[in-house]
Amino acid sequence: MDKILADRTAKIDASGIRKVFALAAQLKDLVDFSIGQPDFDVPEKLKDEAIKAIREGFNKYSQTAGDVILRERISELVKKEIGSSYGSGLRRDEWENPVVLVTSGVSGGLLLAFLALVNPDDEVIIPDPYFVIYKHMVNMLGGKCVFVDSYPEFSLPVEKIANAITNKTKLIILNSPCNPTGVVYSKDSIKALAEIAAEKDVLVLTDEIYEKFCYDGKCTSIASYYDKALILRGFSKSYAMTGWRLGYAAAHQCLKPVIEEMTKIQQYTFVCAPTPFQKAAMAALDYDVSDFVEAYRQKRDLLYEGLKDKFELIKPGGAFYAFVKAPGKSATEFVEKAIKNNVLIIPGNVFSEKDTHFRISYATNDDKIQQGVEILRRLC
């Protein structure tokens, strides 16, 4: 019993986001720019649907892959969006029936995907900065993260990704709109990456949890140009259902074996996504969130206009984050200084191999954004 813990536990660390978030309980009059969680609540109509489902007895397991009707609705949605705009000309007819798995959040979907795909020593290409979970999951499974630098503009580094592909490359991770930068990759760059992935026959995992939060035009999915793209989306951010843990994976028929293996693994892990919330998700698919998106566009503008003359930052095109270059040599030092002044921000090395930037989540009310901007400007 000298060594109780599995070796894999040493390959991951507690989330830096959660460490900062925990400080919120200890501070007063704080500006919390730390957590990626909408400041609005689940719309009442969707709450009512969940309550109705609970009262009507939908409290037992659903099928492992998810409620049949919900999967059909999602499949139709993906068919309409991706199938109608499919640009590669390959097996267009097979987008008539996309395969779908309902997951316990996009994080749950990511875990299932990595478990189904990544072997020890497999290489996973990840643009840097990146969502924190990618690195730790790959490391925990014994894979190798191949980070591709996207600084300073954070645009999709297509050529660098192409040069990073080897015979050990298992998949490429794409996240647009991006956490932590808020950048939305251009249609041309996504199409270029699709051509490279097709040429090299590499699967792309596209994390599209923020796909509804696009402020300067429609977000492009690489699945519109490449059939070996595994789409991960969810309900958490768009409908403020972060605690409901509900997402989905969808794919072209050529990736049906991947979805089937993810479903099999779900049997022995999550079992299924929460059943009453799956019922509510059907109503969510028809719910208009454009007012929320417009409110967040205004929050984006409020933050960007307040910081742009004092800090170096790229104007976010989506999600609800800004990735800001810290004054001085160490972003961690600046973050510590900000926290002492009651502003919770996340050091960029949580999301990157560099320690030059910090992440702001502007998912808070406008008054707090203004208050936080004023403090950060004083600290610059």
Side-chain angles (χ1 to χ4, degrees), residues 17 20-21 24 30-47 81 105-107 129 131-132 154-155 175-186 206-221 232-244 246-247 281 283-308 311 313-324 343-346 348 351 357-376:
I17 304 171
V20 175
F21 185 53
L30 62 89
V31 177
D32 190 354
F33 284 157
S34 66
I35 200 75
Q37 179 167 255
D39 69 320
F40 58 88
D41 198 4
V42 177
E44 291 300 318
K45 179 179 179 180
L46 304 185
K47 289 182 187 178
E81 179 185 340
V106 171
S107 293
F131 176 46
V132 60
F154 308 126
S155 56
N175 177 213
S176 178
C178 181
N179 177 7
T181 65
V183 166
V184 176
Y185 296 141
S186 71
T206 176
D207 179 350
E208 300 177 4
I209 182 61
Y210 298 101
E211 48 98 16
K212 291 191 183 302
F213 288 93
C214 290
Y215 308 124
D216 304 309
K218 189 177 183 297
C219 292
T220 300
S221 174
L232 293 179
R233 292 181 178 176
F235 300 86
S236 294
K237 310 296 184 176
S238 303
Y239 308 97
M241 298 175 179
T242 53
W244 291 20
L246 201 63
L285 291 174
D286 295 322
Y287 194 88
D288 183 6
V289 295
S290 59
D291 287 347
F292 295 143
V293 175
E294 179 56 33
Y296 272 67
R297 184 202 310 274
Q298 293 175 26
K299 293 177 189 294
R300 183 273 310 262
D301 292 345
L302 184 63
L303 182 85
Y304 177 73
E305 294 299 324
L307 295 180
K308 68 178 183 179
F311 292 87
L313 75 158
I314 303 300
K315 188 175 186 179
F320 31 74
Y321 307 106
F323 207 54
V324 185
V343 177
L344 299 185
I345 52 179
I346 309 295
F351 311 94
H357 289 61
F358 59 90
R359 191 193 76 171
I360 289 175
S361 168
Y362 51 87
T364 186
N365 66 63
D366 292 359
D367 289 342
K368 285 296 182 182
I369 293 174
Q370 290 177 322
Q371 182 185 351
V373 165
E374 290 171 3
I375 296 172
L376 291 174

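Values in this document were obtained by computation on a predicted structure and should not be read as measured data.
- The shortest side-chain heavy-atom distance between Cys178 and Phe323 does not fall under the 4.5 Å cut-off.
- Using a 4.5 Å heavy-atom cutoff, the side chains of Ile209 and Leu232 are not in contact.
- Ring centers of Phe358 and Phe33: at least 6.0 Å apart, outside the cut-off.
- The closest donor-acceptor contact from the side chain of Arg359 to the backbone of Tyr321 lies at 3.5 Å or more, if one exists at all.
- Here the side chain of Tyr239 pairs a donor or acceptor atom with the backbone of Ala284 at under 3.5 angstrom.
- A donor-acceptor contact shorter than 3.5 Å links the side chain of Asn175 to the backbone of Asp207.
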One pair to check against salt bridge (Lys or Arg N to Asp or Glu O under 4.0 Å): Lys368 and Asp39. What are the steps and the verdict?
CA-CA 11 Å; Lys368 285 296 182 182; Asp39 69 320; over 6 Å; no
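- Counting only heavy atoms from C-beta outward, the side chains of Glu208 and Cys219 never approach each other to under 4.5 Å.
- Counting heavy-atom neighbours within 6.0 Å of Lys47 NZ, excluding the residue itself, gives a total above 12.
- Counting only distance, with no hydrogens or angles, the side chain of Lys237 and the backbone of Phe320 share no donor-acceptor pair below 3.5 Å.
- Looking only at side-chain heavy atoms (C-beta outward), Asp32 and Thr364 stay at 4.5 Å or farther from each other.
- Taking the six-membered ring where the residue is Trp, the centroids of Tyr296 and Tyr215 are separated by 6.0 Å or more.
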